[in-house]
Amino acid sequence: MTRYIFVTGGVVSSIGKGIVTASLAATLEARDLKVSMVKMDPYINVDPGTMNPIQHGEVFVTEDGAETDLDLGHYERFLRNRMSQKNNFTTGSVYEAVIRRERRGDYLGSTIQVIPHITDEIQCRIRAVSENDTYDVVIVEIGGTVGDIEGQPFLEAIRQMRLLEGKERTLYIHVTLVPFVNSSGEFKTKPTQHSVKELRSIGLQPDVLVCRCESQEIPEDARKKIALFTNVQERAVVSLRDVESIYEVPIVLNQQGLDQFVVEQFNLKCNSADLGEWRAVVDALRTPSSTVSIAMVGKYFELLDSYKSLIEALLHAGIRSKTQIDINYIDAEEIEQHGTTMLHQQDAILVPGGFGERGFEGKIQAVQFAREKNVPYLGICYGLHAAVIEYARNVLGWYDAHSTEINPKTSYPVIGLITEWSGKYKKTHDGNSNNKDLGGTMRLGSQPCYLTEGSLAQRTYQSDVIYERHRHRYEVNNEFVHAIENAGMRICGKHQPDDLVEMIEIPSQDWFIACQFHPEFTSSPRDGHPLFEGFIHAANRYAETN
């Protein structure tokens, strides 16, 4: 029968609940247990699809097309199990479902309340992840910190699950901060004590405390004090200091005995954890044999979590090739103001996804620099749009070529909504129509891409058909594809049956590829990703010869 682990956070936000949750899952998976995960987010948005990435970070897209919290990216990078729309839900989506049923009359006139209607819906969604006991363990992360008013329904729901499922099948883990005060030279346990007190006031007694700290391990006397004042076993007070790489955390938690404590509490019969792959990852990070500088030209650098999966995918490619990746974050607006001087001395250029006009001309200038200087280039989503527009302007001479997202009146709309150039689709499908919601109007999720035989893309992937995840509205306009190909750009990947452009390359360049999809969502530290590995190999070759 499925066991449930509930992970809460206290004292401050951003102390690494998602990494702790994913790392614990990795250690349990290393024991040959079947593990899945859930992220419950307390915000009112139905999903993060329309949220500003500078506020929320990236939107991680699952294979089935769900726009989810970035922590699901951590889950997939640490597990080999794929997430779906079941693995992430928000307060907004829960209330929306309950209200919809109330409007249909499903509750037969009952007064709808947080308890039991909202809490029941939360529990149903948690259990749905392991329908028919598919998994041995489901780990549920509750977003926010204890004490937040938004998270109270989630905490009440997991309190009820302890009563319904029993202590033998439920476990509470609380992640907290134990700060070190330099002036007194000691760790302060009081914030953790108060956080646990807050939990206990609503009926939740943690079974495990994961105590985050900075460079030093929490000493034994401080751990004993925490155990005494929080009613937690001393062996269940886990000290987790900052480490050089998040991929060390499964090893640290295993050394602290967390996974062993969990399997004992659940009375699970399983193997000891084989963390050889994780040790190999950490070793590759510590002992690189080369270094490359990658210019990432974007516009959401106020919060690097906006590009979390992309940054990690570059590091994964470095792990696979034992290359240290130095990423230089270059604001596209800086290029618009000061030119491409800052791109000199870079071994490769990457233009990531995005939306809107701000900084787009700077991205186009970065593409032009890469093409004219024969610097390895990788464009992702908006980076493909920039590459096609740059080529149309500067090679074909279509000087006002643009995307209709930015300039609806352009003479050469080489990028546009499919409804603008294909009679197959009705205008009512236009995601930018004033009477349409923005949420859920994009091409989303895993879809096939058929690669051209003999292309660089096919050689890189070593496959004729690939499956990658999408998140975009605008496409390359098929009405201009023939002229673009005649000018030397190759359409090397297409989506069928709609004949949509998925990948482009320039055969005359040493390494120039752009894709409409988001390959970063399927990269992992243990398995890497062929497109990013090819990009880093090209950067290494460029560094050696320049």
Side-chain angles (χ1 to χ4, degrees), residues 295-298 330 332 335-336 339-340 343 346 348-355 357 359-418 420-421 449 451-452 454-458 460 472 474-495 499-517 519 531 534-535 538 542:
M296 186 187 294
V297 182
I330 299 175
I335 293 178
E336 290 178 351
T340 57
L343 296 177
Q346 300 300 307
I349 296 171
L350 187 154
V351 174
F355 297 93
E357 181 177 4
F360 189 59
E361 291 298 326
K363 293 182 178 184
I364 292 173
Q365 290 180 50
V367 175
Q368 182 178 3
F369 179 89
R371 182 179 60 80
E372 292 180 348
K373 303 296 183 183
N374 201 18
V375 179
Y377 175 78
L378 175 59
I380 295 176
C381 197
Y382 220 28
L384 178 141
H385 296 178
V388 171
I389 292 169
E390 189 278 328
Y391 204 79
R393 289 180 183 178
N394 298 317
V395 177
L396 284 90
W398 301 343
Y399 298 115
D400 79 329
H402 222 311
S403 167
T404 57
E405 177 183 6
I406 297 171
N407 180 11
K409 297 181 179 179
T410 173
S411 304
Y412 296 95
V414 293
I415 306 294
L417 293 167
I418 191 171
E420 294 170 344
W421 48 266
C449 170
L451 302 180
T452 303
S455 64
L456 175 59
Q458 187 203 43
T460 299
H472 67 279
Y474 290 80
E475 310 274 359
V476 176
N477 189 334
N478 278 355
E479 293 180 355
F480 297 95
V481 163
H482 184 69
I484 290 172
E485 286 201 286
N486 283 344
M489 177 177 279
R490 173 188 285 168
I491 308 303
C492 55
K494 284 197 171 185
H495 173 266
D499 203 36
L500 300 174
V501 173
E502 291 275 27
M503 296 190 76
I504 60 100
E505 60 187 50
I506 302 179
S508 61
Q509 305 289 116
D510 288 341
W511 210 95
F512 189 109
I513 287 183
C515 54
Q516 183 64 80
F517 46 77
L531 194 56
F535 182 53
Y542 184 86

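All values below were derived from every heavy atom in this structure, side-chain atoms included, with hydrogens, water molecules and symmetry-related copies excluded. Quick note: residue numbers are just sequence positions, from 1.
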Going by heavy atoms in the side chains, are [X] and [Y] under 4.5 Å from each other?
| X | Y | value |
| --- | --- | --- |
| Asn478 | Asp499 | yes |
| Pro413 | Glu420 | no |
| Phe517 | Cys449 | yes |
| His402 | Ile389 | yes |
| Pro519 | Ile380 | yes |
| Met503 | Cys515 | yes |

Subject >> NZ/NE/NH1/NH2 to OD/OE distance under 4.0 Å, Lys494 and Glu502 >> reply: no
Original post:
Does Arg393 come within less than 4.0 Å of Glu361, counting only side-chain N to carboxylate O?
Top reply: yes
To check you understand the geometry: which heavy-atom pair defines the closest contact between [X] and [Y], and what is its length?
| X | Y | answer |
| --- | --- | --- |
| Ala295 | Ile330 | CB-CD1, 3.8 Å |
| Glu485 | Ile491 | OE2-N, 3.1 Å |
| Val297 | Ala366 | CG2-CB, 3.9 Å |
| Gly488 | Pro507 | O-CD, 3.4 Å |
| Ala538 | Pro376 | O-CG, 3.7 Å |
| Gly353 | Cys381 | CA-CB, 4.1 Å |

Give, for atom [atom1] of [X] and atom [atom2] of [Y], the distance between the pair rounded to the nearest 0.5 Å.
| X | Y | atom1 | atom2 | result |
| --- | --- | --- | --- | --- |
| Arg371 | Glu390 | CZ | CD | 4.0 Å |
| Lys373 | Thr340 | NZ | OG1 | 7.5 Å |
| Tyr474 | Phe355 | OH | CZ | 10.0 Å |

**OP:** Could you point out which residue of Ile506, Asp510, Val351, Ile513 forms a side-chain contact (heavy atoms from CB on, under 4.5 Å) with Tyr377?
**Re:** Val351
Subject >> Residue of the set Ile335, Ile364, Ile349 for which side-chain contact (heavy atoms from CB on, under 4.5 Å) holds with Phe369 >> reply: Ile349
Establish, from distance only, whether the side-chain atoms of [X] and [Y] form a donor-acceptor pair under 3.5 Å.
| X | Y | value |
| --- | --- | --- |
| Gln458 | Thr452 | no |
| His385 | Gln516 | yes |
| His472 | Glu475 | yes |

**OP:** Could you tell me whether Phe480 and Trp398 have their ring centroids closer than 6.0 angstrom?
**Re:**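 Between Phe480 and Trp398, the centre distance is under 6.0 Å.
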Original post:
Are the ring centres of Trp511 and Phe535 closer than 6.0 Å?
Top reply: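 Yes, close enough.
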Subject >> Pair Leu500-Val476, side chain to side chain contact (heavy atoms under 4.5 Å, CB included): steps then yes or no >> reply: CA-CA 7 Å; Leu500 300 174; Val476 176; over 6 Å; no
Original post:
Judged by atom type as modelled, is there a donor-acceptor pair below 3.5 Å linking the side chain of Asp400 to the main-chain atoms of Thr410?
Top reply: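 No, because the side chain of Asp400 does not come within donor-acceptor range (under 3.5 Å) of the backbone of Thr410.
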**OP:** Please confirm whether the backbone N or O of Phe512 pairs with a side-chain atom of Glu505, one donor and one acceptor, at under 3.5 Å?
**Re:**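 No, the answer is negative, given that no donor and acceptor are paired below the 3.5 Å cut-off.
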Original post:
Yes or no on ring-ring contact (aromatic ring centres under 6.0 Å, His included) for Tyr412 and Tyr399, after CA distance, side-chain angles and deciding distance?
Top reply: CA-CA 9 Å; Tyr412 296 95; Tyr399 298 115; 9.2 Å; no
Original post:
Can you list the steps and then say if Glu479 with His482 is a side chain to side chain donor-acceptor pair (under 3.5 Å)?
Top reply: CA-CA 7 Å; Glu479 293 180 355; His482 184 69; over 6 Å; no
